[in-house]
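Before anything else, here's the structure in question.
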Amino acid sequence: MSTNIQTPATAPATAAPAAVRTRFAPSPTGFFHIGSARTALFNWLYARHTGGTFILRIEDTDTVRNSEEYLRVIYESLRWLGMDWDEGPGDAGGSFGPYKQSERTAIYHEYLAKLQAAGRTYEKDGAVWFRLEGERFTARETYKEADGTKLDRVVEKVKAAPVVIHDLIRGDVTRAEDRDFVLVRANGEPGFHFVNVVDDITMAVTHVIRGEDHLSNTSKHIELYNAFGATPPTFAHIPLILKNDGKGKMSKRDKGALIEEYQTRHFLPDAVRNFLCLLGWTPTDGREILPIADIIAQFDLRDVHQGNARFDERKMSHFNQQYLRDLPADVFNAKARQILRDAGLTDNADVAAAADAYVAAVLDLIREKLRGLEDLAPMSAYFFNEDFPRDAKTLETLQKKGDPAARVRQLLPALEALPDWDDASLDAVIGGLATAENVKLNEFFAPLRFAVSGLNGGPHLHAILRLLGRERALARMRTFAATPPTPPSA
RNA sequence: GUCCCCUUCGUCUAGGCCGGCCUAGGACAUCUGGUUUUCAUCCAGGUAACUGGGGUUCGAAUCCCCAAGGGGGCGCCA
């Protein structure tokens with residue numbers, strides 16, 4: 001039975017090593033997962049580090065699940081993270097195209113014919129299968145379904161010779177494939193393992209960098225390379241990202257798993273990218289936060305870790321905060337204004353009238369208080385609207401200590417009588433009253449802050465009062481002063 | 001069931017290839033104190049880890065073996 005295709009000798013390394021070609025091959029599913037982003041990133045980094053080529057290939061064979069619309073998610077996510085590709089679909093260029101699997105049918109036919117000619121295929125249930133070489137036998141096994149249910153079944157197995165996977169991260173892994181697998185599905189579409197290998201051969205990919213979940217499947221791929229008489233590429237199976245709590249790898253259903261979430265929460269893409277780099281790799285110079293150019297210079301696959309990593313959003317927030325702090329003023333202002341516009345805060349007619357200078361002043365006050373841009377709108381809403389949100393917990397805390405409205409009532413007459421609305425005058429009134437009452441300054445500051453901002457923190461109170469302007473600030477205080485006293489708690 | 005990969009503070013990790021410099025270092029988180037009218041920042045300090053058992057060795061986080069635990073594959077998903 002065995003029609004032997006010559007097993008390729010391991011790369012007869014002639015002359016100079018071929019230029020590195022890596023690829024990222026996502027399936028357009030409508031989601032862009034953190035794990036996918038990190039895989040793309042490592043491929044991109046390695047290509048950039050070596051001066052090689054980074055290829056974007058779209059694995060859209062499973063047509064029922066894929067749609068044009070979903071492609072945009074991939075493009076946008078990659079661009080947001082600052083990854084550019086040298087070859088890919090559309091006008092990206094490259095002479096190894098097409099770069100969408102749905103357009104490569106002719107190539108798959110051609111390669112399937114090679115396998116058929118070599119007698120390595122057979123049909124069963126309408127699908128085309130790859131025939132492993134070796135003694136056949138049947139075995140009973142317990143198989144776990146995707147939903148977790150277990151079932152016993154009898155399967156035909158093959159005693160195939162083990163193959164060795166040369167992996168830059170795992171070392172040499174020996175594994176024997178023990179079952180034939182589908183090349184072309186009954187519906188005529190080629191299957192993942194088949195197209196993946198054909199594409200990597202025809203696109204001259206030199207380094208396959210992907211998640212460790214593919215490590216076991218790699219023996220299938222090597223069987224195919226051998227059957228085609230092709231030299232397998234160098235593999236690098238990177239560790240998986242585990243969910244923050246609970247068991248297993250992060251999946252798209254897990255909280256915080258989608259890149260899109262961090263976009264909408266206004267995380268800075270450079271911070272997210274920097275953090276992703278550290279999930280499974282450590283810079284050699286000891287820094288954690290460093291410019292992408294320095295990461296590219298230091299990145300090497302042999303330094304990638306073997307153990308899986310757990311995703312910790314708190315640490316990423318810290319990165320985000322550091323990047324935010326270092327953002328140039330003009331960049332910050334542009335981003336911040338966009339966020340305020342999108343939140344509908346600057347649409348307000350009054351604000352529009354006050355215009356630019358006012359918004360600039362608000363941003364000036366708020367910036368140093370920000371931990372992330374996602375806090376910008378909630379922390380500055382009271383500068384733009386009268387119906388800003390009042391934080392219930394803060395009010396509750398204040399009321400536990402006394403009657404905040406009463407405090408504001410105490411201050412109000414003196415503030416209303418103030419000839420000048422400046423720091424010194426405000427200080428005199430508030431400080432004077434605190435001294436007279438023999439209480440801490442904050443006994444007055446906190447209720448007043450709540451009255452005008454609805455919050456328990458933020459910029460210096462005087463700065464808020466001055467920026468709001470005398471009349472607006474006083475109006476808010478009067479409203480709050482009229483608040484009924486704390487109901488006697490049960 | 002079976003095969004493959006992995007195992008240092010709560011989390012991300014340094015160190016391991018070339019055993020002694022490790023009474024195991026850093027970062028995030030957390031706790032304490034200081035600065036700040038508040039909040040955020042910032043500063044100082046603290047708690048906290050080599051999965052277990054054997055072996056090799058004068059000496060093991062580092063080398064070997066076993067176990068346990070974790071992760072993944074075994075799909076006409078990718």
Side-chain angles (χ1 to χ4, degrees), chain A residues 25-29 36 59-62 65-66 101 124-129 139-146 150-153 155 157 165 167 169-171 173-179 181-193 195-196 210-220 237 239-240 242 244-245 247-249 275 278-282 284 286-289 305-319 321 325 366-371 375 379 394 427 430-431 434 440-446 448-450 453 455-462:
Chain A
S27 180
T29 58
S36 304
E59 305 221 332
D60 56 351
T61 56
D62 190 14
R65 284 177 37 178
N66 298 323
Q101 289 182 336
K124 190 177 79 181
D125 303 330
V128 182
W129 293 68
R140 173 175 293 279
E141 67 168 15
T142 305
Y143 178 76
K144 216 178 353 186
E145 283 287 319
K150 289 184 178 180
L151 63 142
D152 275 353
R153 64 182 191 185
V155 290
K157 289 195 172 185
I165 303 161
D167 192 295
I169 297 166
R170 314 277 153 189
V173 177
T174 305
R175 187 168 189 279
E177 199 54 41
D178 66 354
R179 209 168 305 183
F181 54 91
V182 168
L183 295 170
V184 181
R185 306 203 286 249
N187 66 5
E189 283 169 10
F192 166 73
H193 303 297
V195 295
N196 199 265
R210 60 180 18 162
E212 200 219 272
D213 48 350
H214 287 298
L215 183 56
S216 293
N217 282 328
T218 305
S219 43
K220 288 186 186 68
H237 286 94
L240 265 24
L242 269 26
N244 202 3
D245 39 41
K247 290 163 95 77
K249 63 175 172 175
F275 179 73
L278 298 222
L279 246 33
W281 177 77
T282 308
T284 46
R287 283 182 296 169
E288 287 195 322
I289 294 178
H305 310 150
Q306 306 190 317
N308 295 336
R310 218 165 277 277
F311 180 79
D312 184 6
E313 192 191 300
R314 289 176 306 183
K315 185 148 184 172
M316 188 164 82
S317 292
H318 173 253
F319 276 49
Q321 190 179 338
R325 189 195 57 191
I366 296 291
R367 174 166 187 178
E368 60 172 322
K369 302 294 178 182
L370 281 180
R371 308 190 65 169
D375 295 333
M379 280 178 69
T394 300
D427 254 343
I430 302 168
K440 282 189 182 153
L441 267 175
N442 203 36
E443 286 288 312
F444 287 99
F445 273 112
L448 199 48
R449 173 183 295 283
F450 186 82
S453 76
L455 298 170
N456 71 335
H460 197 289
L461 184 57
H462 293 168

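On a predicted model such as this, the values are computed, not experimentally measured, just so you know. Here is how names work: the chains are called A, B, and so on, in the same order as the sequence lines, proteins then strands, and each is numbered from 1. All heavy atoms count here, side chains included; hydrogens, waters and symmetry mates do not.
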Separation between the C1' atoms of B:rC28 and B:rA49, rounded to whole Å: 16 Å
Atom CD of A:E177 to atom P of B:rU2: distance rounded to whole Å? 17 Å
Using a heavy-atom cut-off of 4.0 Å across all strands, would you classify A:K249 as base, sugar-phosphate, or nothing? sugar-phosphate
Tell me which nucleotide among B:rU37, B:rA27, B:rA29 gets nearest to the side chain of A:R314. B:rA29
Could you tell me the separation between the CZ atom of A:R310 and the P atom of B:rU13, rounded to a whole number of Å? 11 Å
Is there a side-chain contact between A:K247 and the phosphate of B:rG72, meaning an N or O under 4.0 Å from OP1 or OP2? no
Side-chain contact check for A:R179: nearest option of B:rA78, B:rC12, B:rG75 is B:rG75
Whole-angstrom distance between B:rC6 and B:rU51, as gauged at atom P: 15 Å
What interatomic distance, in whole Å, is found between P of B:rC3 and the corresponding atom of B:rU57? 33 Å
Donor-acceptor contact present, side-chain A:S453 to main-chain A:L455, <3.5 Å: yes
Write down the distance separating the C1' atoms in B:rC63 and B:rG20, rounded off to the nearest Å. 14 Å
Let me know the distance between CH2 of A:W281 and C1' of B:rA27, rounded to the nearest Å. 15 Å
Is there a donor-acceptor pair closer than 3.5 Å between any side-chain N or O of A:H460 and the backbone N or O of A:H462? yes
Polar pair under 3.5 Å, donor/acceptor by atom type, side chain A:R449, base B:rU38: yes
Nucleotide paired to B:rA68 in any strand shown, Watson-Crick or G-U, under 3.5 Å: B:rU7
Does A:N456 reach a base, just sugar-phosphate, or nothing at all? Heavy atoms under 4.0 Å. base
By the 4.0 Å heavy-atom rule, please label A:A446 as base, sugar-phosphate, or nothing. nothing
Remember a base hit wins even if backbone is also touched, and classify A:S317 as base, sugar-phosphate or nothing at under 4.0 Å, heavy atoms. nothing
P atom, B:rA48 versus B:rG26: distance in rounded Å? 14 Å
For B:rC50, the Watson-Crick or wobble counterpart (both distances under 3.5 Å): none
Gap between atoms CD and C1', on A:E368 and B:rU38 respectively (whole Å): 13 Å
Can you tell me how far apart NZ (A:K315) and CZ (A:R310) are? Round to the nearest 0.5 Å. 15.5 Å
What contact category does A:P26 fall into here, base, sugar-phosphate, or nothing, at under 4.0 angstrom with non-hydrogen atoms? nothing
Go through B:rA14, B:rC6, B:rC76 for me and flag the one nearest to the A:H305 side chain. B:rA14
So what does A:G307 hit on the nucleic acid, given a heavy-atom distance under 4.0 Å: a base, only sugar-phosphate, or nothing? sugar-phosphate
Any non-hydrogen side-chain atom of A:N308 less than 4.5 Å from a side-chain atom of A:K249? no
Nearest to the A:S216 side chain among B:rG72, B:rC12, B:rC76, which nucleotide is it? B:rG72
Please answer whether the main-chain N or O of A:P239 pairs with a side-chain N or O of A:Q306 as donor and acceptor at a distance below 3.5 Å. no
Over all strands shown, is A:L278 touching base, sugar-phosphate only, or nothing at heavy-atom distances under 4.0 angstrom? sugar-phosphate
Of the listed B:rA27, B:rG71, B:rC42, the closest approach to the A:E212 side chain comes from B:rG71
Could you identify the nucleotide paired to B:rA14, looking across every strand shown and requiring Watson-Crick or G-U wobble geometry with both distances under 3.5 Å? none
Using purine N1 to pyrimidine N3 plus N6-O4 or O6-N4 for Watson-Crick, or N1-O2 and O6-N3 for G-U wobble, both under 3.5 Å, which nucleotide pairs with B:rG45? B:rC31
Test A:F311 against A:E313 for side-chain contact (heavy atoms from CB on, under 4.5 Å), laying out the working first. CA-CA 6 Å; A:F311 180 79; A:E313 192 191 300; 4.1 Å; yes
Look at the side-chain N and O atoms of A:Q306 and state whether any lies under 4.0 Å from the OP1 or OP2 oxygen of B:rC6. yes
Quantified in whole Å, what is the C1' atom distance between nucleotide B:rC50 and nucleotide B:rU13? 13 Å
Taking atom C1' in both B:rC42 and B:rA60, compute the distance separating them and give it to the nearest angstrom. 42 Å
Just checking A:G280: base, sugar-phosphate only, or nothing, at a heavy-atom cut-off of under 4.0 Å? sugar-phosphate
With rounding to the closest Å, how many angstrom separate the C1' atoms on B:rA27 and B:rU62? 23 Å
What is the distance, to the nearest angstrom, from the CZ atom on A:R185 to the P atom on B:rG75? 14 Å
Atom-to-atom span, NZ of A:K124 to C1' of B:rG75 - whole angstrom: 13 Å
For B:rU41, take OP1 and OP2 only and decide whether either is under 4.0 Å from a side-chain N or O of A:R371. yes
Separation of B:rG73 atom P from A:N196 atom CG, nearest Å, is 15 Å
For A:L242 and A:I169, find the nucleotide of RNA chain B closest to each by heavy atoms; which residue's nucleotide sits nearer the 5' end? A:I169
Rounded distance (Å) that lies between atom C1' of B:rC5 and atom CG of A:D213: 11 Å
Paired to B:rG1 by Watson-Crick or G-U wobble criteria (both distances under 3.5 Å) is B:rC74
Taking for each residue the nucleotide of RNA chain B bearing the nearest heavy atom, is the 5' side occupied by A:F319 or by A:H193? A:F319
Between B:rA78, B:rU38, B:rC4, spot the one nearest the side chain of A:V173, thanks. B:rC4
Per atom distances to the A:A309 side chain, the nearest of B:rC12, B:rG10, B:rC5 is B:rC12
Does the A:R449 side chain pair with the main chain of A:P459, one donor and one acceptor, at a distance under 3.5 Å? yes
Considering just the side-chain nitrogens and oxygens of A:T282, establish if one lies under 4.0 Å of OP1 or OP2 belonging to B:rA14. yes
Nearest to side-chain heavy atoms of A:D312, which nucleotide of B:rC28, B:rA78, B:rU38: B:rC28
Closest of B:rG72, B:rA78, B:rG26 to the A:N217 side chain is B:rA78
Side-chain contact, heavy-atom cut-off 4.5 Å: A:K124 with A:V182? no
Classify the nucleic acid contact of A:G248 as base, sugar-phosphate or nothing, counting any heavy atom under 4.0 Å across all strands shown. sugar-phosphate
Short side-chain N/O contact to B:rG73 OP1/OP2 from A:R210, under 4.0 Å: no
Side-chain N,O (A:Q321) to OP1/OP2 (B:rA40) below 4.0 Å: no
Can you tell me how far the CG atom of A:N442 sits from the CG atom of A:L448, to the nearest 0.5 Å? 10.5 Å
Check A:D312 against A:N244 and note the closest heavy-atom contact, atom names and distance. CA-OD1, 4.4 Å
Can you figure out which of B:rC74, B:rG71, B:rA29 approaches the side chain of A:L240 most closely? B:rG71
